[in-house]
Amino acid sequence: MGWVPFGMEEGMSSALVGGVPDYMKNSLIDWMTQAELLLCNDAFSEYDAMYIDLDERHNLINEFDRRTKQESRLYDADTARYFRISQHSDSIGLQYVDFLLMKLDEAIKDEQYVFPPSEEFHSHIQNLDIILEESGSKWKVGERNSICGLEERVDPAMQQMADDVMDSSSGYGKLLSEAWHYTFGREPNYSAAYSTAIKAVESIALPIVEPKNKKSTLSKASQVMRDQHWEFQIEAREENNVPGGVIQLLMSGLMNSQPDRHGGPDSGVVSKEKAQAAVYSAVFLIQCFKAGLVRRPAI
């Protein structure tokens with residue numbers, strides 16, 4: 001049983017926080033300064049102690065400003081003093097954390113990094129996840145298929161179901177990982193999330209439904225399933241059933257409900273809710289095809 005703070009009854013839930021509350025600020029600042037030291041260290045300092053290389057830090061801040069298209073004014077500032085100002089921690093604190101996560105992940109994959117060892121980078125990334133969890137943050141560290149950054153927390157059951165797919169080295173696993181990151185990352189792109197979710201389902205479904213049709217789409221595949229009376233393990237009542245099973249309706253709906261599918265001035269904007277629905281639907285569809293629950297009728 002976990003520790004329960006005085007004054008909070010066990011089982012009482014508290015809302016997740018989206019910003020940087022005062023009680024998390026010092027821990028986050030310590031994490032950022034240590035991340036800078038790992039990324040910009042002078043490995044040849046006296047007594048083998050790590051000291052920050054200011055030139056390297058300046059390069060790091062310049063890259064951050066370029067990538068975020070803003071002048072952070074962090075270039076000549078002390079990181080700890082800078083982020084203790086609420087205006088700075090609230091406006092770009094998590095942006096900078098997200099950027100540092102990406103750079104730490106890059107360093108782990110860079111074979112030229114000799115000092116410090118990659119274990120220190122891994123450990124530091126894990127430390128951030130602990131800080132965020134203990135602080136009740138709505139953000140967590142997401143690291144899947146070469147994408148490392150802050151992501152929104154979702155229902156643990158759905159997270160586990162999605163992780164089972166995204167941890168795969170398959171094409172659909174990589175695509176779903178991209179769609180997930182577009183949806184729940186710090187800088188979401190809901191249009192890209194929706195379209196990539198469709199591509200993820202197509203990656204597993206089309207080779208099964210229409211292996212010889214290189215121009216097939218999700219909606220065309222669902223039409224084939226209707227025409228050929230494909231089977232799914234769960235069906236509606238006989239009077240409400242549809243040829244090809246209820247699952248092909250979700251496939252068709254996923255494709256045809258994309259607001260910006262055709263582009264142009266009349267295209268709709270993909271909302272956060274729409275993108276989440278598309279990604280969750282993709283998780284379900286991929287799992288069903290992966291488990292062999294969607295079948296061509298026996299001849």
Side-chain angles (χ1 to χ4, degrees), residues 2-3 5 8 14-43 45 47-108 110 113 115-143 147-153 184-188:
W3 175 75
M8 287 187 66
S14 57
L16 297 176
V17 295
V20 182
D22 289 340
Y23 59 80
M24 186 172 74
K25 190 177 295 184
N26 285 336
S27 297
L28 207 59
I29 288 172
D30 288 346
W31 185 90
M32 287 188 282
T33 54
Q34 181 63 24
E36 287 182 344
L37 184 59
L38 287 171
L39 292 166
C40 308
N41 72 85
D42 182 354
S45 295
Y47 308 121
D48 292 330
M50 286 199 300
Y51 292 93
I52 196 160
D53 185 324
L54 293 179
D55 290 336
E56 286 296 319
R57 182 182 179 275
H58 289 163
N59 291 335
L60 187 75
I61 301 302
N62 284 338
E63 182 182 349
F64 172 67
D65 286 356
R66 291 194 304 270
R67 285 180 177 270
T68 57
K69 308 292 190 297
Q70 66 182 343
E71 184 184 10
S72 65
R73 300 185 183 277
L74 188 54
Y75 185 91
D76 292 316
D78 174 78
T79 300
R81 286 198 295 269
Y82 179 90
F83 283 109
R84 283 200 177 91
I85 300 173
S86 296
Q87 177 185 351
H88 294 157
S89 60
D90 290 340
S91 61
I92 67 169
L94 291 175
Q95 271 188 308
Y96 192 49
V97 168
D98 195 44
F99 170 74
L100 290 173
L101 265 178
M102 179 195 70
K103 298 302 292 183
L104 289 169
D105 193 48
E106 285 181 358
I108 290 172
D110 188 349
Y113 257 96
F115 181 85
S118 61
E119 290 79 9
E120 292 195 35
F121 291 90
H122 279 295
S123 177
H124 199 54
I125 290 174
Q126 291 171 354
N127 288 342
L128 175 62
D129 217 20
I130 293 171
I131 291 170
L132 295 171
E133 182 178 5
E134 291 180 345
S135 300
S137 175
K138 69 179 283 189
W139 302 105
K140 62 184 284 291
V141 175
E143 190 173 7
I147 299 174
C148 187
L150 295 179
E151 290 181 352
E152 284 191 60
R153 298 182 191 278
F184 299 107
R186 270 285 301 161
E187 297 184 9

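Residue Leu94 comes nearest to Gly18 through the heavy atom pair CD1-O, 3.3 Å, listed as atom of the first residue, atom of the second, then distance. In terms of heavy atoms, Asp65 sits closest to Glu71 at OD2-CA, 4.1 Å. Across every non-hydrogen atom of Ala80 and Thr33, the tightest pair is N-CG2, 4.2 Å. Looking at every heavy atom in both residues, Val141 comes nearest to Leu128 through CG2-CD2, 3.9 Å. For the residue pair Cys148 and Ile125, the shortest heavy atom distance occurs at SG-CD1, 4.4 Å.
By the 4.5 Å heavy-atom criterion applied to side chains, Leu132 and Met24 are counted as neighbours. Taking the side chain as every heavy atom from C-beta outward, Asp30 and Ile131 never approach each other to under 4.5 Å.
Shown here are the side-chain hydrogen bond (donor to acceptor under 3.5 Å, both in side chains) partners of Ser86, two or more places apart in sequence or in another chain: Lys25. Taking His88 as the reference, nothing meets the side-chain hydrogen bond (donor to acceptor under 3.5 Å, both in side chains) condition, with sequence neighbours excluded. Under the salt bridge (charged side-chain N to carboxylate O under 4.0 Å, His left out) criterion, Arg57 pairs with Glu36, not counting sequence neighbours. Legend: residues meeting side-chain hydrogen bond (donor to acceptor under 3.5 Å, both in side chains) with Arg67, ordered by chain and number and at least two apart, are Glu63. In terms of the ring pair (Phe, Tyr, Trp, His ring centres under 6.0 Å) criterion, residue partners of Phe184 (sequence neighbours excluded) are, by chain and number, Trp180. Partners of Gln70 under the side-chain hydrogen bond (donor to acceptor under 3.5 Å, both in side chains) rule, at least two apart in sequence or in another chain, are Thr68, Gln95.
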Determine, stepwise, if the pair Leu38 / Gln34 fulfils side chain to side chain contact (heavy atoms under 4.5 Å, CB included).
CA-CA 6 Å; Leu38 287 171; Gln34 181 63 24; 4.0 Å; yes
Could you walk me through whether Trp139 and Glu151 pass the side chain to side chain contact (heavy atoms under 4.5 Å, CB included) check?
CA-CA 5 Å; Trp139 302 105; Glu151 290 181 352; 5.6 Å; no
Pair Val17-Ser135, side chain to side chain contact (heavy atoms under 4.5 Å, CB included): steps then yes or no
CA-CA 8 Å; Val17 295; Ser135 300; 5.7 Å; no
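From Arg153, atom CZ reaches atom OG of Ser137 across 6.0 Å, with rounding to the nearest 0.5 Å. Interatomic distance, CG of Leu104 versus CZ of Phe121, reported as 6.5 Å (0.5 Å rounding). The NE2 atom of His122 sits 7.0 Å away from atom CD of Glu119, with the distance rounded to the nearest 0.5 Å. In this structure, CG on Leu37 lies 10.5 Å from CG on Asp53, to the nearest 0.5 angstrom. Going from atom CD1 of Ile52 over to atom OG1 of Thr79 covers 6.5 Å, rounded to the nearest 0.5 Å. Note: Lys103 NZ to Tyr96 OH = 10.5 Å, rounded to the nearest 0.5 Å.
Partner of Phe83 under the side-chain contact (heavy atoms from CB on, under 4.5 Å) criterion, chosen from Leu74, Val97, Leu28, Asp90: Leu74.
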